[in-house]
Amino acid sequence: MLFKRILIANRGEIALRVIRACKEMGIETVAVFSDADKESLHVKYADRAVNIGPALSYKSYLNMDRIIAAAKETNACAIHPGYGFLSENADFAQACVDNQITFIGPSAKTIAMAGDKSVARQTLIALGIRVIPGSDDIVSSADMACAIAGPLGYPVILKAAGGGGGRGMRIAHTPDALVGAFAMASGEAKAAFGNPKLYLEKYIEKPRHIEIQILGDSQGNYIHLGERECSIQMRYQKLIEESPSCFVDETLRKTLGETAVKVAKAVGYTNAGTMEFLVDKDKNYYFMEINARVQVEHPVTEMVTGVDIVEQQILIAAGESLKLKQDDIVLNGWSMECRINASDPADNFMPSPGQIESVIFPGGPGVRVDTHIYDRYMVTPFYDSLIGKLIVWAKDRPSAIRRMKRALAEFEITGIETTIGFYGRVFDDERFQRGDIDTHFLDSME
Ligand code: MV4
């Protein structure tokens, strides 16, 4: 039986995205909101809305007890966590189960495994999956780091076991630098994640970041929905994503897809998930991380596969078996997404909150805008600076680029600084147009 009512434990564009899927499925929705989000569209679009506290995230959107209480008060039988906030919090997934609420995502156990990057790495190694050469376990001292780095060869990278998103990461080119990097990374990891544990990998120079979307049901059926190319980023914040990737041919797609599904099966992954790979210039691929959530960039996959990923998440969580078979999945055309952030490209992409004066949205064929903003909307400084996503679909990559430029030119937000004006330079760049991109592309543009 499908859910009667779902609580969305999130805000912003992803809360709207989930509410839209629920409405189309005939499921009632409950929004939760902080004091800063009283005027937000997710509050307006949901059938009911519950105030869960002050603006600061840890008092509202990260407040597990308050969110579980809101679900109980409103008789919501399932919670969709969106991305960020509590989406990859194993304790929250378990708290839902303990309160007879379905968590729309993988099990608490899977989330915990994926969340400890060192444990995930060991799990992958045990499965015979190709990971980046590095330490088998936690590196507990600078001496140990140097002992492992010697045979591997420099440069190496230290990563936080409890982390992600670049924090607690340090690259070292020499043993001397590694000693300093160890203390820095460990301190940063402890401050950011409450966990100082580090592991070490060979540093892959100028890799591409390619990820595979997977779906797995509770009956053990798995499919993948092809890849997303996410190399265009700045300081670990993705800015442009596309699907497919022009670097991935049919053979590599099949290999990455099968590897992603193999891992998902082996760890009993249920619901939607992403398997992250680094691919070097010689097309050597390395499995990097499991992302146990729906991702910001999921729409580009939806556009080329025609699969509604959020709908699939809900069906899977309700216990239904996947109706889609791997052979049903065909990548049709090309899709690109630009993240629209309230940040200032002229000032090092610093957040630029404030009141939006007016918005003119792009439209026309092949254009999708996922956003919660509107005229006179107040962008507060409390949350992530993502205020929307502009997604286009077209028959091939050159057409998608032209369509994106056209749509960006139509998109106008006044009152605050945004990233809209920044993207023109990227789409006009010859190397970008050739598909000659890697994770350092934007550094090379400055
Ligand atoms: C790496 C790497 C090179 N070699 N690991 C960045 C975020 C975190 N999830 C992992 N990241 C990287 N790990 C090794 N061994 C390069 C990156 C990296 C990166 C990865 C994905 C997307 C953008 C990136 C930008 C810079 C560095």
Side-chain angles (χ1 to χ4, degrees), residues 88 90 109-212 235-236 256 259-260 262-264 266-267 269 273-292 438-440:
E88 291 171 281
K109 202 167 142 265
T110 305
I111 294 173
M113 183 276 296
D116 186 322
K117 310 295 174 195
S118 178
V119 170
R121 201 179 135 81
Q122 286 171 41
T123 307
L124 296 165
I125 293 170
L127 289 169
I129 301 295
R130 189 175 343 154
V131 298
I132 303 165
S135 61
D136 296 335
D137 205 333
I138 296 300
V139 176
S140 47
S141 70
D143 279 351
M144 184 175 169
C146 291
I148 296 169
L152 270 183
Y154 288 81
V156 295
I157 183 168
L158 286 164
K159 296 184 175 181
R167 279 186 299 177
M169 270 178 41
R170 279 287 185 289
I171 301 160
H173 291 264
T174 62
D176 272 355
L178 184 54
V179 172
F182 187 90
M184 296 291 287
S186 183
E188 201 173 306
K190 184 159 196 323
F193 315 111
N195 176 359
K197 288 185 181 155
L198 302 176
Y199 62 104
L200 183 140
E201 290 173 351
K202 171 114 187 128
Y203 181 64
I204 311 291
E205 314 247 16
K206 296 197 168 188
R208 287 176 182 243
H209 173 120
I210 291 171
E211 56 187 33
I212 301 283
R235 279 174 258 129
Y236 313 120
L256 296 181
T259 304
K262 179 179 169 184
V263 170
V267 304
Y269 194 101
T274 298
M275 306 297 175
E276 273 187 24
F277 295 86
L278 282 188
V279 183
D280 72 15
K281 57 184 185 320
D282 302 318
K283 295 203 180 177
N284 296 309
Y285 68 88
Y286 307 92
F287 199 110
M288 196 161 59
E289 285 181 23
I290 303 172
N291 290 321
D438 59 54
T439 51
H440 295 272

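Everything quoted here is computed from the prediction, not taken from an experiment. We use all heavy atoms of the structure for the numbers below, so side chains are in, but hydrogens, waters and symmetry mates are not.
Side-chain atoms of Ser135 come within 3.5 Å of backbone N or O of Leu200 as a donor-acceptor pair.
The CZ atom of Phe287 sits 9.5 Å away from the CD1 atom of Ile212 when rounded to the nearest 0.5 Å. Here CD of Glu289 is found 10.5 Å from CD of Glu211. Values are rounded to the nearest 0.5 Å. The structure places CE of Met275 at 13.0 Å from NZ of Lys262, a figure rounded to the nearest 0.5 Å. Between the OH atom of Tyr154 and the SG atom of Cys146 there is a distance of 4.5 Å, given to the nearest 0.5 Å. Here Asn195 contributes atom CG and Lys117 contributes atom NZ; the two are 11.5 Å apart, rounded to the nearest 0.5 Å.
In the displayed structure, Lys190 atom NZ is contacted under 6.0 Å by at most 12 heavy atoms of other residues, nucleotides or ligands. Atom NZ of Lys206 has 12 or fewer neighbouring heavy atoms from other residues, nucleotides or ligands inside a 6.0 Å radius. For Lys197, the NZ atom is loosely surrounded, since the number of other residues' heavy atoms within 6.0 Å does not exceed 12.
For the side chain to side chain contact (heavy atoms under 4.5 Å, CB included) with Pro207, the qualifying choice from Asp280, Thr439, Asp438, Val279 is Thr439, the only one to do so.
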| request: Start with the C-alpha distance between Asn284 and Arg130, add both sets of side-chain angles, then the distance that settles side-chain contact (heavy atoms from CB on, under 4.5 Å), and finish with yes or no. | output: CA-CA 10 Å; Asn284 296 309; Arg130 189 175 343 154; 4.1 Å; yes
| So Ile210 and Tyr285, side-chain contact (heavy atoms from CB on, under 4.5 Å) or not? Walk me through it. | CA-CA 9 Å; Ile210 291 171; Tyr285 68 88; over 6 Å; no
| message | If you apply the rule side-chain contact (heavy atoms from CB on, under 4.5 Å), what do you find for Leu178 with Leu158, and how did you get there? | response | CA-CA 9 Å; Leu178 184 54; Leu158 286 164; 3.7 Å; yes
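Taking the side chain to side chain donor-acceptor pair (under 3.5 Å) definition, one finds that Asp143 meets it with nothing, sequence neighbours left out. For Glu201, the salt bridge (charged side-chain N to carboxylate O under 4.0 Å, His left out) partners are Arg121, Lys159, not counting sequence neighbours.
Sorted by first and then second residue, the salt bridge (Lys or Arg N to Asp or Glu O under 4.0 Å) pairs involving residues 160-186 (not counting sequence neighbours) are Arg170-Glu188.
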